[in-house]
Amino acid sequence: MMNEIILMNGYGIYVWPAFSFTLISFATLYFVTKLQLSKEQKRFVAKFGSLNEEKAKVARSQNINREILSNTFKI
Amino acid sequence: MFKHFEPNKIFAITSRAPKYVLFLFIIVLTIGLAEALILSPEDYKQSDAVRIMYVHVPAAWISLGTFSSLALLSIGSFVFKNKNFALISKSLAPAGFIFNIIALVTGSIWGKPTWGTWWVWDARITSMLILALFYGMYLLAWRIYEEKEQVVKVTSMIAILGVINVPIIKYSVDWWNTLHQPPSISILSNNSIHVSMLIPLGIMTAAFALFLLLIFLMKYNTELIKIKNKGLDRL
């Protein structure tokens with residue numbers, strides 16, 4: 001049974017690389033995108049932290065900024 | 001109508017959605033892989049080599065669909081002067097490009113056992129390669145041009161010009177004599193593919209569509225946070 005799945009009547013050398021390439025491409029794109037997202041989130045948090053109280057209050061008045069802060073490091 | 005879909009209003013959804021989409025994607029992909037690699041029958045002509053279809057065909061469909069969406073959004077961005085359209089296009093393009101590459105590579109691997117060659121310059125394959133070049137140009141333009149209005153114009157032109165290639169890809173197997181087989185699935189006429197193969201193909205297509213959605217949401221959130229970072233600089 002296991003041999004049948006691996007060898008696939010001699011076509012395993014084509015089928016497995018095709019599926020592996022697809023899954024590796026998916027994983028690479030996912031992790032690269034995730035890395036870019038966390039980099040931007042961290043940059044946002046750092047910039048937000050460096051604002052003075054008045055500017056921070058203005059920034060916090062925007063829903064989207066509050067959302068970014070609350071979602072950071074969760075994804 | 002578009003004001004309901006403004007980034008500020010939908011960010012609460014787009015920022016939380018990726019974890020649920022990822023969860024759903026893993027479940028659907030696992031079922032799809034089990035169907036495609038183990039449960040689905042082998043083909044009477046191609047034997048087990050037919051299983052490559054379950055990654056090749058959905059990848060090709062989604063890359064074509066994504067590029068068509070880029071073109072539609074680009075036209076929309078010209079007509080309605082809506083900046084969000086450009087942001088959505090920019091976020092869709094990387095996944096579309098990867099699906100295009102997957103379709104080309106898996107097609108090449110499938111070509112060896114069925115046609116006896118890794119590559120042939122026939123109409124379908126060459127037009128798919130041209131689509132990959134348009135994707136490449138589109139993504140490069142976003143990196144090269146810094147001025148916002150200029151980059152939107154250039155990328156929109158690339159998407160609108162490139163979409164001319166989409167019907168050429170679709171009908172290339174009918175218009176020219178090619179090694180590539182004609183479509184087995186049609187909305188308007190009877191399918192020449194058995195239901196035992198159609199089900200895994202449908203599940204794998206759903207999984208790939210979920211992956212497109214996942215990457216789109218993550219890229220879209222990244223772009224929005226980038227804009228907000230610039231906004232903090234201006235405070």
Side-chain angles (χ1 to χ4, degrees), chain A residues 1-2 4-52 54-59 62-72 74-75, chain B residues 7-9 11-12 14-16 18-19 22 25 29 33 36-38 42 46-52 54-56 58-59 94-95 97-99 101-102 105-114 204 207-208 211 214-219 221-229 231-233 235:
Chain A
M1 172 73 181
M2 206 57 203
E4 275 173 33
I5 294 170
I6 293 167
L7 297 174
M8 292 193 174
N9 293 316
Y11 291 102
I13 51 163
Y14 303 108
V15 176
W16 289 110
F19 277 77
S20 305
F21 180 80
T22 304
L23 297 179
I24 291 166
S25 303
F26 278 7
T28 309
L29 182 61
Y30 174 76
F31 285 113
V32 167
T33 312
K34 193 178 172 177
L35 200 74
Q36 288 171 341
L37 177 59
S38 4
K39 211 169 95 182
E40 286 303 322
Q41 283 175 323
K42 279 178 191 166
R43 193 177 290 164
F44 183 88
V45 172
K47 277 186 183 178
F48 200 91
S50 67
L51 295 175
N52 63 36
E54 196 184 329
K55 285 179 179 175
K57 200 178 167 186
V58 174
Q62 288 187 23
N63 285 342
I64 191 163
N65 289 344
R66 286 202 302 272
E67 282 289 338
I68 296 167
L69 290 172
S70 69
N71 280 304
T72 303
K74 279 186 186 173
I75 298 167
Chain B
N8 288 338
K9 290 180 181 165
F11 188 76
T14 60
S15 62
R16 289 185 177 92
K19 55 188 169 193
L22 177 64
F25 163 68
L29 182 71
L33 287 175
L37 290 167
I38 303 163
E42 60 192 71
Q46 296 191 36
S47 185
D48 281 296
V50 78
R51 295 183 196 282
I52 299 172
Y54 302 120
V55 284
H56 172 73
F97 179 61
I98 290 296
F99 279 118
I101 297 297
I102 290 170
V105 172
T106 56
S108 174
I109 296 171
W110 199 5
K112 186 65 183 166
T114 48
M204 286 300 276
F208 281 26
F211 184 73
L214 173 69
I215 298 300
F216 161 70
L217 288 167
M218 289 166 73
K219 281 297 283 183
N221 292 338
T222 309
E223 293 303 323
L224 284 183
I225 299 171
K226 256 187 207 170
I227 293 169
K228 288 293 150 189
N229 271 331
L232 288 185
D233 288 337
L235 272 177

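For clarity, every value in this text was computed on a predicted model and none was experimentally measured. In what follows, every chain begins at residue 1, and chains take the letters A, B, ... in the order their sequences are listed.
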To the nearest 0.5 Å, atom OG1 of Thr114(B) lies from atom OH of Tyr11(A) at 9.0 Å
One option among Thr106(B), Leu33(B), Val105(B) has the most heavy-atom pairs under 4.5 Å with chain A, and it is Val105(B)
So, the part of Ala95(B) with a heavy atom under 4.5 Å from chain A: the answer is both
Okay, Ile13(A) and chain B: the region with an atom under 4.5 Å from a heavy atom over there is neither
When the 4.5 angstrom heavy-atom criterion is applied to Phe25(B) and chain A, the contacting part is side chain
Value for CG (Leu29(B)) from OG1 (Thr22(A)), rounded to nearest 0.5 Å, stands at 10.0 Å
Applying a strict 4.5 Å limit to non-hydrogen atoms, the region of Val15(A) in contact with chain B is both
The interface call for Leu51(A) against chain B, heavy-atom contacts under 4.5 Å, is side chain
Turns out that what part of Leu37(B) lies under 4.5 Å from chain A's heavy atoms comes down to both
Looking only at Ile101(B), Val55(B), Leu224(B), Leu22(B), the option with the highest number of non-hydrogen pairs under 4.5 Å against chain A is Val55(B)
Checked Trp16(A), Phe48(A), Phe21(A) vs chain B; the most non-hydrogen pairs under 4.5 Å come from Phe21(A)
When the 4.5 angstrom heavy-atom criterion is applied to Asn65(A) and chain B, the contacting part is side chain
What one should report as the nearest heavy-atom pair of Met218(B) and Leu37(A) is O-CD1, 4.1 Å
Greatest number of non-hydrogen atom pairs under 4.5 angstrom with chain B, of Glu54(A), Lys55(A), Lys39(A), falls to Lys55(A)
Whatever's closer than 4.5 Å to a heavy atom in chain A on Ile98(B) counts as side chain
Note to self: How about CD on Gln62(A), more than 12 heavy atoms from neighbouring residues, nucleotides or ligands closer than 6.0 Å, or not?
What the structure shows: yes
Taken to the nearest 0.5 Å, the spacing of Gln46(B) CD from Asn9(A) CG works out to 13.0 Å
**Q.** Heavy-atom side-chain contact between Glu67(A) and Arg16(B) under 4.5 Å
**A.** yes
Between the CG atom in Asp48(B) and the CD atom in Glu4(A), the distance rounded to the nearest 0.5 Å is 9.0 Å
Rounded to the nearest 0.5 angstrom, the CE-CZ distance for Met204(B) and Phe19(A) is 5.0 Å
Closest heavy-atom pair, Ile225(B) versus Phe44(A), reported as atoms and distance to 0.1 Å, is CG2-CB, 4.0 Å
Heavy-atom closest pair (Thr222(B) atom, Glu40(A) atom, distance to 0.1 Å) is CG2-CG, 3.7 Å
OH (Tyr30(A)) and CG (Leu214(B)) are apart, to the nearest 0.5 Å, by 6.0 Å
According to the interplanar angle, ranging from 0 to 90°, do the rings of Phe26(A) and Phe99(B) count as parallel (below 30°), tilted (30 to 60°) or perpendicular (above 60°)? perpendicular
